[in-house]
Amino acid sequence: FRLEITKGVIHNTNGEVCGHYPQQIVFLEYESTELHKDRFESTVQITKLQDLVNRSKMARCRGRFVCPVILYNGKHICRSSTLAGWGELYGRTGYNYIFSGGTDDTWGAESEPEVPEDDSVRNGDSQLFDKVRGLDIKLLRYLSVHYICDLMVENKKVKFGLNVTSSEKVDKAQRYADFTLLSVPYPGCEFFKDYKDRDYTAEGLVFNWNQDFVDAPLTIPACFTKNLNINWSEYQSWDLVHQTQNYLKLLLHIINSDDESGLLVHCISGWDRTPLFVSLLRLSLWADGAVHASLEPAEILYLTIAYDWFLFGRNFIFHSSRQIFFFCFNFLKHIVSEKFSTFGMRKGHTSSPQTVLWNRPDPMHERLAHPLSQEAKSSSSSSSNQSEQGFARAGSSPMSVPGRRLAAEYARSGSSLSTDYGSWQLVSGCGSIHDRGQVAAANDSPLPFSFQDEGPSGRMCPSPSERQVRLEAVREVFLAAYSSTVGLKSSATSPSGAITGLLEQFARGVGLRGTNSII
């Protein structure tokens, strides 16, 4: 963040603010690069923000308060969990009261909420909810958030017959009526076990919307649906690729349709579906040069993995979390189209994308090396030749912080940024991870868009857009690191074993594996 953002920090060293949030919660104040420093600035003061955070955090599940994580054109894109239910709220209130010696100044001097409510429905419960959710609303307003995108497939999360969480869309007192609420139900991390069982193929994978716990409808204001050319009534028939694409288009449209208001994205706990879309938003905006424009592919990848996923409490002990995490970055191949570009969505914006500071090397003369390792040369001639046809060798140790390097240093003799990788191929034009170099014709594409510059044979144009090159570069770096540290194992019930074969080809191509299989 320090490379191009002037920031403040909310200190959370011992988890006193939130036990699942980073030890240093970065608040983005304004872009500080020479190109952007005078364009957009947040009007939020860090001391006021920290005060509101401390007093409003109990309003949300697990204390995961509304936290700004992306600054885009002066607007905050925020993340959080959903609203806490009565059980958690009373439990946390009682805990704080007992361990504070009988006094609880969580809400400070302000005892009355700003949200009016009819006296006929006032009781002990509603007054407590008025206080807590009223402060949550204050924080949202202070961050100029007007749009709330709820990814839950439930209206309320129910366990053992009890409501353990709530959400803005079913708040009985309609405290959030002044906000634009969007209910966009998206499958939870458990669903991604099916993604793994299908050898990590998202095409054709459709969520079962007829399950008993699924009761949240798709609710999107007409002002956002009329310009996207999407038939939202068919959302229950979309596969995982179409659903994720259309929801991302919606979020990009929201942040580009209003020049003043920010966006909050949340699911239940805010650590699976929420980082999926926050990460996709960050990478999509970066690919257009709209945020973090000076960062290189390895740096933006490190930033979004570390901050958007790990530091906000995602525990990858659970295999389902690994699968949605892998899906996020493997999915980048599905959003390379200019239809996802923010410059085509900005209201009244007709100019071409701004020049970005990481420039694409000429794919006919320069090739991309694996940027996570400095070992570009091998002691033997055979491994040297292999290195010239793939990436530089990377060790199996955890990913280190990428160093600052010039874009020209990425241009090494190695793998092309096109779909051709010598004896093996990684990114097909529009197929799944099963595709081994076979690029489907435009008419047969499972995606809702096609590349307009494909030739008669269906092969990709040799000059992809800047956006496509940048996103493909991030995906390549991720797959190289993932295959060398975590690895993928094909489903035992799958007869094809395609994912194992492809990752094995990838690992051998980059010199990460010998003849042993990936596990």
Side-chain angles (χ1 to χ4, degrees), residues 192 195-196 199-202 241 244 248 272 275-287 292 295-311 314 316 319 321-336 340 358 360 367-373 390-403 405 410 414-417 419 421 424-428 432-433 435 464 467-489 499-500 502-513 518:
F192 285 81
Y195 172 62
K196 174 182 179 295
D199 276 346
Y200 301 89
T201 303
V241 171
T244 310
L248 180 61
D272 283 311
L276 167 65
F277 282 97
V278 167
S279 189
L280 289 176
L281 279 171
R282 191 186 299 277
L283 289 169
S284 182
L285 294 172
W286 168 81
H292 310 298
L295 298 188
E296 299 169 356
E299 292 171 326
I300 189 65
L301 178 64
Y302 183 87
L303 171 61
T304 189
I305 288 177
Y307 197 70
D308 295 332
W309 289 89
F310 290 169
L311 293 179
R314 181 60 271 166
F316 285 96
H319 290 277
S321 299
R322 297 182 193 175
Q323 291 146 18
I324 193 173
F325 172 71
F326 177 82
F327 170 79
C328 175
F329 297 97
N330 192 44
F331 183 77
L332 294 178
K333 63 183 178 180
H334 294 296
I335 61 171
V336 297
F340 295 90
W358 179 77
R360 172 176 58 87
R367 299 176 182 271
L368 184 67
H370 180 11
L372 294 180
S373 173
F391 294 92
R393 174 177 292 273
S396 59
S397 58
M399 186 192 309
S400 60
V401 180
R405 292 178 296 175
Y410 280 96
S415 63
S416 171
L417 287 176
T419 59
Y421 284 81
W424 52 278
Q425 293 181 324
L426 176 62
V427 183
S428 64
S432 71
I433 200 166
D435 295 340
R467 175 185 175 85
Q468 178 179 346
V469 171
R470 289 162 70 85
L471 290 176
E472 286 182 352
V474 172
R475 181 171 175 262
E476 290 168 8
V477 177
F478 172 79
L479 288 178
Y482 197 91
S483 65
S484 65
T485 54
V486 181
L488 293 173
K489 186 175 182 180
I499 182 66
T500 301
L502 183 126
L503 264 295
E504 177 66 16
Q505 280 186 322
F506 183 89
R508 291 178 182 176
V510 301
L512 299 177
R513 292 278 194 244
I518 295 178

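Basis for what follows: all heavy atoms, side chains included, without hydrogens, waters or symmetry-related copies.
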Original post:
Can you tell me how far the CG atom of Leu248 sits from the OG atom of Ser284, to the nearest 0.5 Å?
Top reply: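 These two atoms lie 5.5 Å from each other.
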
Subject >> Straight-line distance of Thr201 OG1 to Asn330 CG, nearest 0.5 Å >> reply: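 Taking OG1 in Thr201 and CG in Asn330, the distance rounds to 9.0 Å.
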
Indicate the atoms forming the closest heavy-atom contact of [X] with [Y], along with that distance.
| X | Y | value |
| --- | --- | --- |
| Phe340 | Ile335 | CD1-CA, 3.7 Å |
| Leu332 | Leu471 | CD1-O, 4.0 Å |
| Asp272 | Trp309 | O-CH2, 3.8 Å |
| Ser484 | Ala481 | OG-O, 3.0 Å |
| Leu479 | Phe326 | CD2-CE1, 3.6 Å |

Subject >> Passing candidate, side chain to side chain donor-acceptor pair (under 3.5 Å) with Glu472, options Arg470, Arg475, Gln468 >> reply: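 Considering Arg470, Arg475, Gln468, a side chain to side chain donor-acceptor pair (under 3.5 Å) with Glu472 is found only for Gln468.
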
**OP:** Answer yes or no: is there a donor N or O on one side and an acceptor on the other, between the side chain of Ser279 and the main chain of Leu276, under 3.5 Å?
**Re:**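 Side chain of Ser279 to backbone of Leu276, a donor-acceptor pair under 3.5 Å: no, none is there.
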
Do [X] and [Y] have side chains that get closer than 4.5 Å, going by heavy atoms?
| X | Y | value |
| --- | --- | --- |
| His292 | Leu285 | no |
| Arg322 | Phe327 | no |
| Leu301 | Pro297 | no |
| Thr304 | Trp286 | no |
| Pro464 | Val336 | no |
| Val241 | Phe331 | yes |

Original post:
With ring centroids as reference points, do Phe325 and Phe478 lie under 6.0 angstrom apart?
Top reply: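 They qualify: ring centres under 6.0 Å apart.
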
Original post:
Which residue pairs pass the salt bridge (charged side-chain N to carboxylate O under 4.0 Å, His left out) test when at least one of the two sits in residues 301-311, sequence neighbours left out?
Top reply: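 Only Arg282-Asp308 qualify under salt bridge (charged side-chain N to carboxylate O under 4.0 Å, His left out).
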
**OP:** Over 60° means perpendicular and under 30° means parallel, so classify the ring planes of Tyr195 and Phe192, tilted if in between.
**Re:**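 If you compare the ring of Phe192 with that of Tyr195, the planes turn out perpendicular.
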
